[in-house]
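Below you'll find the structure, written out as structure tokens, and then a few comments.
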Amino acid sequence: MSWLLVYPILIPVMTAVLCYLFRNTVAGRWISVAGTTALLLASLMLMSEVLDQGVLAAQMSNWDAPFGITLAADLLGGVMVVITAITGLATVIYSLSEIPERLERLGFHALLQTLLMGVCGAFLTGDLFNLYVWFEVMLISSFGLLVLGGTREQLDGGIKYVLLNLISTIMFLSGIGLLYGLTGTLNMADLHLAVRGVENTGLLTTIAVMFMVAFGVKAALFPLFFWLPASYHTPPVAVSAIFAGLLTKVGVYALIRMFTLVFDQDVGFTHTLLLWLAVVTMVTGVLGAAAMNDFRRILSFHIISQIGYMVLGLALYTPLGLMGAVFYLVHHIIVKANLFFVAGVAKRIAGSTDLARIGGLYAHAPLLAFLFLIPAFSLAGFPPLSGFWAKYVVVKAALDLEMWFVAGVSLAVGLLTIFSMTKIWGAAFWPAHPDGIKPRLSDLPVGDRVALMLPIVALAALTCIIGLFPEPFVQFAERAAGQLLDPTDYVTTVLGVQP
Amino acid sequence: MELLLAITLGILVSTSVYLMLDRNVLRFLFGLVLLSNAVNLLIFAGGRLTAGAPPLIAPGEYAPTGVVANALPQALVLTAIVIGFGLLAFTLALVYRTFMTLGTVNSDEMRIAEPMDDKDPGTGKPGPGRADPQHPATGQEAGL
């Protein structure tokens, strides 16, 4: 068994314990930084091992699959853990400046590390019930982070977030119960084989739709997304950023995993449903963004619209489509977290995220303006940034299937994305500040400036690197999509036998 | 036995849906409690109801002998109960804290994070509180 699969879960949980013990001292936050750095190193080691040897699997307590809990990493799982660690590290560094000591004493870093553990666990598990447990770990720590501090807005948004997400987990759990009753197994690789022997295909499709609803709530698909714009703009920016980057993407990952590995029986129904949900999600999200007047609320609606592209890639269910979905997942996590970080700096130096109350950022903080443009253009899909390639692959996949309407809508949504980005640019960056304030980065203390700008610069650089040298990333996504469409390698590695 | 369980499940789910349609957040939460219990029963029934001995393996043997009950659903239900208990305790505390801070448990009046004014039409849904004459008194100004 490979210890590399355990480290991404073990490191955050140990860091969380230490962070909690030292939460009243300065040591707590530096333990958090060190722990997340260790997580990044461990995830890179895991990734190189997966690239080297193909799918990795480890049976917990040496209970052989399908009886015990399996941890498994294919290329998609591996890259998601790496990107989780990168986003986690960026958030921890950002929160050194952004999170006040009062919240640190309440256990902010411990909750953040537990969140990372839950996310990594969800990406690495090969067992459906275990996935439910990781979802819950992730949920309870996100509940804590969301309402930490307890302002009126946070509690109001928190209630909606908590209640709607609880419905989703209950839906997920009942799907698990029914699937177990139908197949007698919960190991995902074993399910891949077991569903082929199921005679009652109608019930199987019903269960598939239950999973679609459960993960659809997590991923913020239309019409299940209402918890997201209600809550994501209320917590501290560091929390918003990591939520925006990671949480919905865990839902998308779970959709991709289940609807390639297990529910590939009735593609004509399930994936067509996903296709139209994806199209409507894109359109609703971007229209919602166009109607908003707050930096973070515009960005929250953009998450929804971008989720549409990823699910579209899955729904097309071609090698190119899935490749686009994988590429899009990675690109979007980087870009979205970065945009929230920029919004946080804008709030810090200009005083608000309400677009009517800020301004002057271009004149007085040109560096921030430049660093806003990189992720903003990338999100909208301008060449040569990462978003261009992500959109290009997904749209190409749709065109290859001669789905002109779908391809046309996704291009139009890109145009509307630019519209709402110009709205932010035209209100926050271009005109003078309504109160006559001159928002300068140099007014911030040096330590704060480093902690706030370092993650933004690093993530923007990553966006540019993916955009300018897409070849290795595209090849990687192609291999990952190949593994998803033909999971023989995954199944044999997990079960240790030929199917 | 399966039929009895199915009927119980149906009653539990319909009761919880009725409760969750209420605007009172506390009632919604009670609906969730019922629903999570219904799902626990569902998992239990999914593992087949067999009247068998406890699944214990005699010393020196590798497999239990005779008809034994399926232990896995029980383990799953136990995990789900523990997790559900923790989550619901948290949510109850959250609802209480929200009541103390916002002074209401009516979901229509919870518009602080998404205030309804002209430049900001909320989620894009027609707000249910829009026609409510009491709405202006719910402190949307305070949330700005």
Side-chain angles (χ1 to χ4, degrees), chain A residues 67 129-130 132-133 135-137 139-140 143-144 146-147 150-163 165-167 169-182 184-186 223 225-226 228-234 284 287-288 291-294 297 301 354-356, chain B residues 9 13 16 20 25 28-29 31-33 35-36 38-48 70 72-73 75-77 79-80 82-84 86-88 90-91 93-95 97-102 104-105 107 109-115 117 119-125 139 142-144:
Chain A
F67 301 110
F129 195 78
N130 199 230
Y132 161 75
V133 174
F135 264 64
E136 298 291 359
V137 170
L139 265 188
I140 192 74
F143 292 170
L146 190 62
V147 296
T151 64
R152 290 165 61 88
E153 287 86 357
Q154 275 177 301
L155 288 169
D156 183 38
I159 279 277
K160 293 159 195 167
Y161 177 86
V162 169
L163 293 178
N165 271 289
L166 283 181
I167 292 186
T169 57
I170 288 176
M171 199 69 156
F172 183 18
L173 195 56
S174 44
I176 289 176
L178 289 172
L179 197 58
Y180 175 72
L182 203 61
T185 180
L186 286 173
F225 63 78
F226 290 102
L228 193 152
S231 59
Y232 268 26
H233 59 290
T234 58
T284 335
L287 289 181
M292 289 293 128
N293 262 312
D294 179 287
R297 296 184 73 181
F301 269 103
D354 186 345
L355 290 180
Chain B
L9 270 174
V13 172
S16 65
M20 288 199 292
V25 176
F28 187 97
L29 185 59
L32 270 180
V33 176
L35 191 60
S36 69
V39 172
N40 289 341
L41 277 181
L42 173 77
I43 298 175
F44 189 61
R48 305 294 184 277
N70 188 351
L72 188 71
L76 299 184
V77 169
T79 316
V82 173
I83 291 177
L87 284 177
L88 292 168
F90 173 85
T91 316
L94 180 66
V95 171
R97 176 73 191 271
T98 311
F99 175 64
M100 296 306 280
T101 311
L102 307 184
T104 177
V105 285
S107 55
E109 291 170 13
M110 293 184 181
R111 300 289 309 192
I112 288 121
E114 297 173 281
D117 45 30
K119 69 179 169 66
D120 203 351
T123 55
K125 277 195 305 185
L144 288 172

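Note that the structure is predicted; figures quoted are calculated from it, not measured. Chain letters run A, B, ... following the sequence lines, proteins first, then strands; residues in each count from 1.
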Enter the distance from L88(B):CG to L166(A):CG here, rounded to the nearest 0.5 Å. 6.5 Å
Closest non-hydrogen contact found for S174(A) with L42(B) is CB-CD2, 3.4 Å
Contact part of F129(A) toward chain B, heavy-atom cut-off under 4.5 Å: side chain, backbone, both or neither? side chain
Tightest non-hydrogen contact, residues K160(A) and M110(B), listed as NZ-O, 2.8 Å
Heavy-atom closest pair (I43(B) atom, G177(A) atom, distance to 0.1 Å) is CG1-CA, 3.9 Å
Between T234(A) and chain B, which part of the residue has a heavy atom less than 4.5 Å away: side chain, backbone, both or neither? side chain
Does F44(B), at its CZ atom, have more than 12 non-hydrogen atoms belonging to other residues, nucleotides or ligands within less than 6.0 Å? no
Evaluate the side-chain proximity of F28(B) to I159(A): yes if any heavy-atom separation is below 4.5 Å, no if none is. no
From the list T101(B), L102(B), T79(B), the residue making the most non-hydrogen contacts under 4.5 Å with chain A is L102(B)
Going through the distances and angles, do L94(B) and F143(A) end up as a side chain to side chain contact (heavy atoms under 4.5 Å, CB included)? CA-CA 10 Å; L94(B) 180 66; F143(A) 292 170; over 6 Å; no
Measure distances from L32(B) to the heavy atoms of chain A and classify the residue's part below 4.5 Å as side chain, backbone, both or neither. both
Run the side chain to side chain contact (heavy atoms under 4.5 Å, CB included) test on T98(B) and D156(A) for me, step by step, so that the C-alpha distance in whole Å, both residues' side-chain angles and the decisive distance to 0.1 Å come before the verdict. CA-CA 7 Å; T98(B) 311; D156(A) 183 38; 5.9 Å; no
Specify the closest pair of heavy atoms between F90(B) and G144(A), including all atoms of both residues, with the distance to one decimal. CZ-N, 4.3 Å
With chain B, which of T284(A), I140(A), I167(A), L163(A) has the greatest number of heavy-atom pairs at distances under 4.5 Å? L163(A)
Report which part of L179(A) has an atom under 4.5 Å of a heavy atom belonging to chain B: side chain, backbone, both, or neither. neither
Run the side chain to side chain contact (heavy atoms under 4.5 Å, CB included) check on Y132(A) and I83(B) step by step: do they pass? CA-CA 10 Å; Y132(A) 161 75; I83(B) 291 177; 3.9 Å; yes
Could you tell me which portion of R97(B) (side chain, backbone, both or neither) has an atom closer than 4.5 angstrom to a non-hydrogen atom of chain A? both
Applying side chain to side chain contact (heavy atoms under 4.5 Å, CB included), run through L87(B) and V162(A) and close with a yes or a no. CA-CA 9 Å; L87(B) 284 177; V162(A) 169; over 6 Å; no
